[in-house]
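Let me begin by presenting the structure, written as structure tokens, before commenting on it.
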Protein chains: 4
Amino acid sequence: MRSKITPDGRKSPGRKKSTFIEEARRRQIVRSAITTIASGGLAQASLARIADEVGISKSVISYHFDGRDELIEEIVVALLSESNRFIRARVDQELGCPAKLRAYIEASFAFMAEHRENFVAMVDIWGSFGTVDAKRAFNATAYDPCRRHLEAILRRGQQEGDFRGFTPRTLAATIQGSIDGVMLQWVFDEGAVDLAECAAELTIMFDLATRNPAGGAPTTGSGE
Amino acid sequence: MRSKITPDGRKSPGRKKSTFIEEARRRQIVRSAITTIASGGLAQASLARIADEVGISKSVISYHFDGRDELIEEIVVALLSESNRFIRARVDQELGCPAKLRAYIEASFAFMAEHRENFVAMVDIWGSFGTVDAKRAFNATAYDPCRRHLEAILRRGQQEGDFRGFTPRTLAATIQGSIDGVMLQWVFDEGAVDLAECAAELTIMFDLATRNPAGGAPTTGSGE
Amino acid sequence: MRSKITPDGRKSPGRKKSTFIEEARRRQIVRSAITTIASGGLAQASLARIADEVGISKSVISYHFDGRDELIEEIVVALLSESNRFIRARVDQELGCPAKLRAYIEASFAFMAEHRENFVAMVDIWGSFGTVDAKRAFNATAYDPCRRHLEAILRRGQQEGDFRGFTPRTLAATIQGSIDGVMLQWVFDEGAVDLAECAAELTIMFDLATRNPAGGAPTTGSGE
Amino acid sequence: MRSKITPDGRKSPGRKKSTFIEEARRRQIVRSAITTIASGGLAQASLARIADEVGISKSVISYHFDGRDELIEEIVVALLSESNRFIRARVDQELGCPAKLRAYIEASFAFMAEHRENFVAMVDIWGSFGTVDAKRAFNATAYDPCRRHLEAILRRGQQEGDFRGFTPRTLAATIQGSIDGVMLQWVFDEGAVDLAECAAELTIMFDLATRNPAGGAPTTGSGE
DNA sequence: CATGAATGAGTCTTCATTCAT
DNA sequence: AATGAATGAAGACTCATTCAT
């Protein structure tokens with residue numbers, strides 16, 4: 001019972017009641033749905049099949065979610081936030097931007113290895129954004145935060161003189177892309193790529209590619 | 001009605017009649033289907049809609065293809081081979097493995113830029129491989145050839161002393177992943193990443209990351 | 001839960017508790033339901049929407065009414081009795097059958113004008129009597145009392161010599177029909193008919209059509 | 001296969017092909033649907049039940065009609081046009097407006113008597129126009145033409161001096177209303193009203209109510 | 001008295017596929 | 001070689017109703 005009938009604008013704020021049991025059910029459904037999608041593909045993940053996986057009736061899903069689309073949206077949010085939270089925690093533990101960058105890449109792969117299901121589901125969902133707008137919206141939700149996180153690290157690293165003078169935005173896209181691209185191959189066939197080796201390779205590579213050859217002096221503070 | 005007549009594995013050879021007009025129709029349908037998928041997503045690309053795009057009747061598709069799945073398979077093949085042919089041609093023009101590697105990356109991005117539709121469709125299709133087997137099959141068709149191509153370049157480069165002593169297989173996966181990962185972001189939002197800049201960044205980076213610091217001497221004959 | 005306790009025919013008398021608050025709730029629900037139906041049609045008036053309009057939970061309705069059907073039945077009763085009471089009061093104030101007839105017609109239209117919602121809802125509900133039996137039952141509840149009322153006026157008017165020798169039953173049906181038919185058009189489009197003008201026209205017309213040309217002498221005693 | 005996928009404006013003109021068999025099916029479905037609605041009510045007339053009545057599969061209806069709504073719309077059109085055509089033909093046979101008016105009323109009732117099913121279905125459908133807009137649209141389709149037809153007769157009758165100086169528009173609404181109102185009671189219970197008697201009563205009454213007391217002199221041509 | 005949660009029957013609709021022409 | 005017509009399976013969704021709290 002999400003947005004009820006009220007078709008007025010209000011929705012996000014407060015979100016009505018959100019009982020404890022309600023939230024629990026939602027999480028349970030989301031989790032089961034991820035499993036269902038991961039094992040059979042998004043197309044096969046009908047409400048019926050998901051409900052079956054949870055062990056409830058189809059209409060329970062309709063009761064807790066405003067429709068299949070809202071469920072999928074929530075799945076996306078769950079998948080992204082789980083991963084982001086993990087990575088961010090690891091990054092925050094490190095001091096110095098080179099270490100943070102390394103942590104970002106390593107944490108990304110570490111999380112992957114532990115949550116294969118999430119990523120298999122994610123790749124299946126990727127294809128479901130039919131319209132250009134939906135794709136763009138997904139980009140805004142999924143990629144922009146990651147890239148901005150990376151960008152912040154890179155930019156600060158430049159200010160602190162650890163990184164050389166590249167375009168932070170482009171490098172952020174490149175780093176995130178490298179991680180996702182390797183992930184993608186691994187999703188399609190777990191045995192096709194060695195996640196750990198790729199992680200190591202990328203870590204070294206981007207460390208090399210970002211480092212300031214001049215040493216630890218701040219880029220902006222060239223007036224030593 | 002394709003495999004009704006020849007249910008054995010082989011496909012291209014024999015193929016009963018394969019009239020000229022027949023092949024033309026098939027290509028026409030495949031091309032239109034790609035456009036349809038790219039513009040509205042795979043889910044919206046029903047036979048009806050594709051037929052509409054071509055300007056023919058639904059049943060024509062059923063007539064020429066052994067079902068929707070065969071059509072999509074053919075689309076995948078078409079998408080991959082177009083791209084691979086282009087890249088391979090560019091790579092073959094170059095002498096020396098570092099140049100070939102550079103060509104591989106640059107050609108990949110060049111082809112993307114010219115055929116956005118192909119990649120948008122591809123990403124949509126990615127999600128449609130529901131089962132683990134289907135995913136693995138796609139990996140075999142789509143990624144293995146690319147990685148093997150890269151691997152061959154890398155390995156030969158090592159033999160010729162241009163490249164350092166990395167694991168070719170892992171680096172191949174990493175390179176291909178970097179290209180695809182950037183592509184992915186660009187598919188979701190054309191304006192989110194600058195394809196050319198990323199290409200340049202990756203080219204430099206992988207050149208840097210593969211080069212043999214010792215110079216042009218062959219890796220195997222290092223202890224000379 | 002109404003008839004669970006008393007599954008025999010009788011309804012009003014006994015009715016178990018019929019707390020004051022209980023009756024209030026029922027009336028409140030009925031009133032809100034009328035509004036809901038009038039504004040969105042019977043089909044859209046689900047228990048959920050009605051409950052929403054009242055500001056209570058769906059199950060409250062199920063608690064107070066023995067199902068959706070009982071609710072609608074009660075709505076019908078409410079709509080009819082409100083109107084009938086009003087008309088009857090006006091008619092009773094008049095002396096002489098021609099005046100009573102005029103009052104009947106004028107009161108009908110006066111009530112309409114003041115309670116548009118009621119009639120919009122009524123027309124929507126009309127269509128919901130699916131079976132022949134349900135329709136006949138509605139006829140017995142809704143039309144027979146009205147026609148009998150009119151019939152009584154007409155017959156007495158004939159006895160008193162004010163009206164000519166028509167068939168009271170038929171004329172009653174005709175008068176009631178004229179009122180309802182105009183109302184119907186007005187329900188579909190408030191601006192399409194001028195209620196007051198139609199009322200005036202009908203009043204004059206039926207006065208003309210019922211009057212005894214011979215004057216005030218009683219019909220039965222015509223040969224005096 | 002009505003409006004296909006093309007969501008551009010064009011639709012009504014040409015209407016694609018409209019094969020002979022296609023039109024036959026549509027008529028067959030419409031006819032059966034009317035029967036279904038008349039016998040069980042609109043709510044019970046699901047696509048499944050209608051398809052059952054025709055003896056076809058549910059999806060055949062979806063194939064020939066753009067959805068349930070289009071089917072119902074077509075039913076409305078069919079019901080109205082059948083009746084209107086019949087009445088118009090009868091009216092056109094008469095010379096002189098008083099005769100035409102009499103013919104209009106008599107034809108209305110004659111058609112009713114022969115096509116009870118149509119009117120039972122119609123009354124059921126009346127309630128299905130939920131929104132104000134839908135109601136207004138129905139008014140425009142159903143009532144306006146009738147009223148305009150009557151209005152034309154009345155106005156011409158005034159010009160020719162047969163009718164007195166009433167407001168044509170109001171009287172048209174009143175006449176149509178009287179017919180429909182009687183019909184309504186008859187729909188709810190066939191035995192409750194005597195159609196023929198009501199028709200006779202109304203015919204006389206409206207003849208009386210419209211006639212110019214001054215005789216056959218044209219109203220406008222007062223300068224005798 | 002009231003409610004949140006759950007249910008299952010039933011609705012419309014879409015789709016790939018088949019078949020006679 | 002092509003098509004219009006038909007089909008049945010499956011989908012998402014809505015709704016009145018029930019039940020424990």
Side-chain angles (χ1 to χ4, degrees), chain A residues 1 5 16-22 24-25 43-51 54 56-71, chain B residues 1 17 19 21-22 24-25 43-51 56-71, chain C residues 1 17 19 21-22 25 43-51 54 56-72, chain D residues 1 5 16-22 24-25 43-51 54-71:
Chain A
M1 196 179 275
I5 299 153
K16 215 65 202 172
K17 278 296 268 289
S18 238
T19 327
F20 173 73
I21 192 166
E22 156 103 19
R25 258 277 190 265
Q44 298 304 316
S46 61
L47 290 192
R49 225 175 279 256
I50 295 170
V54 194
I56 53 173
S57 165
K58 246 191 318 181
S59 28
V60 180
I61 302 179
S62 290
Y63 177 76
H64 289 285
F65 295 89
D66 241 15
R68 192 182 191 255
D69 287 352
E70 211 218 29
L71 170 57
Chain B
M1 256 159 216
K17 283 294 268 288
T19 326
I21 194 168
E22 156 113 342
R25 258 275 191 265
Q44 298 305 317
S46 62
L47 289 193
R49 225 172 278 256
I50 295 170
I56 55 174
S57 161
K58 244 192 321 181
S59 14
V60 181
I61 300 178
S62 291
Y63 180 81
H64 287 287
F65 294 89
D66 208 24
R68 192 181 189 256
D69 289 351
E70 211 218 30
L71 169 58
Chain C
M1 255 156 221
K17 283 293 268 289
T19 326
I21 193 169
E22 155 112 343
R25 258 275 191 266
Q44 298 304 318
S46 62
L47 290 193
R49 224 172 277 257
I50 295 170
V54 193
I56 54 173
S57 161
K58 244 192 321 181
S59 15
V60 181
I61 300 178
S62 291
Y63 179 81
H64 288 287
F65 294 90
D66 209 25
R68 193 182 189 256
D69 289 351
E70 211 219 30
L71 169 58
I72 290 179
Chain D
M1 195 180 275
I5 299 153
K16 215 65 201 172
K17 278 297 268 291
S18 238
T19 328
F20 173 73
I21 193 167
E22 156 102 18
R25 258 276 189 266
Q44 299 304 317
S46 62
L47 290 192
R49 225 176 279 258
I50 295 170
V54 193
I56 53 174
S57 165
K58 246 192 318 182
S59 28
V60 180
I61 301 180
S62 289
Y63 176 76
H64 288 286
F65 295 88
D66 240 15
R68 193 182 191 257
D69 288 353
E70 210 219 32
L71 169 58

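In the text below, chain A, chain B and the rest are named by the order of the sequence lines, each starting its count at 1. Keep in mind that this is a model prediction, so the values were computed, not measured.
- With rounding to the nearest 0.5 Å, the separation of OG in B:Ser62 from CD in B:Glu70 is 11.0 Å.
- Take A:Ser59 and apply the side chain to side chain contact (heavy atoms under 4.5 Å, CB included) test, not counting sequence neighbours, and it matches A:Ser57.
- The overall bend of the helix from E:dA2-F:dT21 to E:dT21-F:dA2, read as the angle between its terminal helix axes built from five base pairs each, is 10° when rounded to 10 degrees.
- With sequence neighbours left out, A:Arg25 forms a side-chain hydrogen bond (donor to acceptor under 3.5 Å, both in side chains) with A:Gln28.
- Here the C1' atom of nucleotide F:dT18 and the CZ atom of C:Phe65 are 18 Å apart, to the nearest Å.
- Rounded to an integer number of Å, the gap from CD of B:Glu22 to C1' of F:dA2 is 12 Å.
- One distance of note links NE2 of A:His64 with CD1 of A:Ile21; it measures 7.5 Å at 0.5 Å rounding.
- E:dC1 atom P lies 16 Å from atom CD1 of C:Ile61, rounded to whole Å.
- The residue A:Ile21 sits close only to the backbone: its heavy atoms come under 4.0 Å of sugar-phosphate atoms, none of a base.
- The two residues B:Ala51 and B:Ile61 make their nearest non-hydrogen contact at N-CD1, 3.8 Å.
- Every side chain to side chain contact (heavy atoms under 4.5 Å, CB included) that D:Arg49 has, sequence neighbours left out, goes to D:Thr36, D:Gln44, D:Ser46.
- Remark: D:His64 is not in phosphate contact with F:dG4, judged by side-chain N or O atoms under 4.0 Å from OP1 or OP2.
- Using a 4.5 Å cut-off on side-chain heavy atoms (C-beta onward), D:Ile50 and D:Leu71 make contact.
- The shortest heavy-atom contact between D:Arg68 and D:Ala45 is NH2-O, 3.0 Å.
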5' to 3', nucleotides 7-14 of chain E under a 4.0 Å protein heavy-atom cut-off (B base, S sugar-phosphate only, - none) gives BB-BSBBB

